[in-house]
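Please read the structure below before turning to the comments.
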Amino acid sequence: MRTHYCGQVNAAQLGHTVTLCGWAHRRRDHGGVIFIDLRDREGLVQAVCDPDREQTFATAASIRNEYCLRVVGVVRRRPEGTVNPAIASGEIEVLAHDIEVLNASLTPPFQMDDDGLSENVRLTNRMLDLRRPQMQRNLMLRYRVTMAVRRYLDAHGFIDIETPMLTKSTPEGARDYLVPSRVHAGQFFALPQSPQLFKQLLMMAGFDRYYQITKCFRDEDLRADRQPEFTQIDLETSFLGEEQIRGVMELMIRTVFKQVMDIDLPDPFPVMTYADAMLLYGSDKPDLRVPLKFTELTDVMKSVEFKVFSGPANAADGRIAGLLIPGGGELTRGEIDAYTEFVGIYGARGLAYIKFNDVAKGRAGMQSPIVKNLSDDALAAIVGRSGAKNGDLMFFAAGKAKIVNDALGALRGKIGHEKGYAEAGWQPLWVVDFPMFERDEEGKRWAAMHHPFTSPKDGHEQFFDSDPSKALAKAYDMVLNGSEIGGGSVRIHREEVQSRVFRALAIGPEEAQQKFGFLLDALKYGAPPHGGIAFGLDRIVAMLVGAESIRDVIAFPKTQRAQCLLTQAPGPVDEKQLRELHIRLRQSEPAKP
RNA sequence: GGAGUGGUAGUUCAGUUGGUUAGAAUGCUGCCCUGUCACGGCAGAGGUCGCGGGUUCGAGUCCCGUCCACUCCGCCA
């Protein structure tokens, strides 16, 4: 039916007869000659129709945008002065001998080269949106990434093994998407939040190296980088330690970036502890393109008069940190107000600042509403630790450590990018030595920071009873330009350690047996040391194509309300279906006055 | 659950202090045009101003409610 892709016709076919299939991208009718830009996934080629072929010319005149066409013609060089360097096939054109309309098209709701479309229009007409060259590029690049991943993993002995999509609901973690069982009345499968436990079982089964590029499901609220179903590159290996696993994984990412985008990532990636990341950047996924760093001030503020600072400084969970903005003295009052409002999103009550007009003059050279409340020692520490220079400005956040970190960390990213402090390029890093546990806000108990199967650092079980906050995990995140693109850990492979972790999480033996009995049992049969990682494929591809949202690298994504505008899913089902599934819907209660 | 931005022609948008017949670009339709490539020229059609209520002599514009899209907080082991 076809001899070439439109976008791949070039001077090599000069004089040849080619047959092309594609869509009418644009028609330019000059009365005596008609040009049709024919488009397929590889690009555009110009077909020319002369009036001396009466039938073909008449057909060409009737063609409208997005008609699906088959064009037979001869490749010829374009006349002098009419070469179009903007397209790959711009040196040549196809003189159409025959045009067959494979299918006409209604007038499309938008033009395929319009890139200012609203998300609403795009998603309701997704099949047409996907015809747009940008989306074709995005999805084809996604494919090239997965192929590069598969090539790398195959070459390194990883085996692709599928794991169930109908599995068991786990109480920990995100909300599950549930699937009712017809055969077992009142019982439900859950769609997997990740293949975590299955891949560990595969290690125990002796497959040694596993991978899967697979969908995961989490019923949580959406974001630009979060969809209810998303794709993980999921891996697990046996008999490798933490550093070795990271080595294999960063080589994979480095290889993929080189092969697909010709990007050279650093070798090795920088490694930073979680503690340092929080101290310096207030984030466990710092964007290293932004050079701004925190100045730690909690200790020197303990004894100042200023209660806004001394209060948090003396609180167990408090923190005071500064963010030095070089040249920040130029910031206007309006900008500072806007930043104050910005940090309010994260719960910060205010945003104090000092402008350093003349550092040599000490207190007198500082311009700020708060300087009069701070001791000489504190002011000296502010300047000494940050290296503030004339013309700089420092923002201060004080309060609960979480709020200070979130607010100042977000401000660092915002100012860094808006004010031009960020470097171009790609800045990956590993964040390591995560805590095993974090405090559960409501339940007032300890929760697993990564997941309950993460191995503690050697010997750190000793902190489980005395001070769980001190226990560190063999967990690691890969961070790229401020986004977490992958995370994993060495897993627990000894039953007694797993039991101790469950105990620390206040999961009793009976509960553990009921929920994770199959895992605990498996650990009894010579489970090998193992560990792994999972990468967010959607996020990686979105970064590579420069997309704002992972929706732009997913063929059929959901809206923020977790609906599909194309298919109108989710939707109601017949009473008959519900009855088979033993489900009766709750009456929605009318609002009572 | 919360904060914010937006919703006006098929599409992307403008619309002043509430005031006559709601505009532009593009697309679409027809006619003209033999070298364009965002072709060009002429003519034309195209509107439930998201939806519902209210204020007013009068609402695209003000108020209340609601729906949808997006961004963020919470949430996401």
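To find a chain, count down the sequence lines: A is the first, B the second, and so on, and within it residues start at 1. Keep in mind that this is a model prediction, so the values were computed, not measured.
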request  = Quick one: sort the A/Tyr346 and A/Phe342 rings into parallel, tilted or perpendicular, breaks at 30° and 60°.
outcome  = perpendicular
In whole Å, what separates the [atom1] atom of [N] from that of [M]?
N	M	atom1	value
B/U34	B/G19	P	50 Å
B/C70	B/C62	C1'	26 Å
B/A59	B/A3	P	30 Å
B/C31	B/A22	P	30 Å
B/G18	B/G2	C1'	33 Å
B/G60	B/U16	P	12 Å
B/U61	B/G52	P	13 Å
B/A14	B/A43	P	28 Å

Compare the minimum distances between each of [options] and the side chain of [X], then state the nucleotide with the smallest one.
X	options	answer
A/Gln560	B/C28, B/G35, B/U71	B/U71
A/Ala174	B/C76, B/U12, B/C70	B/C76
A/Arg226	B/G74, B/C68, B/U11	B/G74
A/His30	B/U12, B/G35, B/C28	B/G35
A/Arg223	B/C37, B/G74, B/G27	B/G74
A/Glu220	B/G27, B/C37, B/C75	B/C75
A/Arg78	B/U36, B/C39, B/G10	B/U36
A/Arg218	B/C70, B/U71, B/C76	B/C76
A/Arg26	B/C70, B/G27, B/U36	B/G27

request  = Ignoring hydrogens and angles, answer whether the base of B/G27 and the side-chain atoms of A/Arg27 contain a donor-acceptor pair closer than 3.5 Å.
outcome  = no
query = Hey, is the side chain of A/Gln46 pairing donor to acceptor with the base of B/U36 inside 3.5 Å?
reply =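 In this structure, the two groups form a donor-acceptor pair.
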Any base atoms under 4.0 Å from [X], or only sugar-phosphate, or nothing? Heavy atoms, all strands.
X	result
A/Arg539	nothing
A/Asp221	base
A/Arg64	sugar-phosphate
A/Ser118	sugar-phosphate
A/Thr454	nothing
A/Glu93	base
A/Ala448	sugar-phosphate
A/Leu117	sugar-phosphate
A/Tyr346	sugar-phosphate
A/Arg551	sugar-phosphate
A/Asn65	sugar-phosphate
A/Pro51	base

Check: A/Phe230 ring centre within less than 6.0 Å of A/Phe217 ring centre =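 Between A/Phe230 and A/Phe217, the centre distance exceeds or equals 6.0 Å.
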task = Compute the centroid of each ring, for A/Phe502 and then for A/Phe516, and state whether the two points are separated by less than 6.0 Å.
result = yes
request  = Going by the side-chain hydrogen bond (donor to acceptor under 3.5 Å, both in side chains) test, name the single residue among A/Gln498, A/Gln200, A/His530, A/Glu236 that passes it with A/Arg491.
outcome  = A/Glu236
inquiry  = Return the CE to CD1 distance between A/Met135 and A/Ile554, rounded to the nearest 0.5 Å.
reply    = 9.5 Å
ask   = When rounded to the nearest 0.5 angstrom, what distance separates CE in A/Met112 from NE2 in A/His25?
value =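 Going from CE on A/Met112 over to NE2 on A/His25, the span is 8.5 Å.
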ask   = What do you reckon, do A/Phe35 and the base of B/U36 stack, with centroid distance below 5.5 Å and planes below 30°?
value =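 A stacking contact exists, since A/Phe35 sits close and nearly parallel to the base ring of B/U36.
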inquiry  = If you assign each of A/Gln563 and A/Ile87 to its closest nucleotide in RNA chain B, which residue comes earlier from the 5' end?
reply    =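 This one resolves to A/Ile87.
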inquiry  = Which is more 5' along RNA chain B, the nucleotide nearest A/Val33 or the one nearest A/Arg175? Just name the residue.
reply    = A/Val33
key: Shortest non-hydrogen separation from A/Phe437 to A/Pro468 and the atoms involved   =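 Reported closest heavy-atom pair: CD1-O, 3.6 Å.
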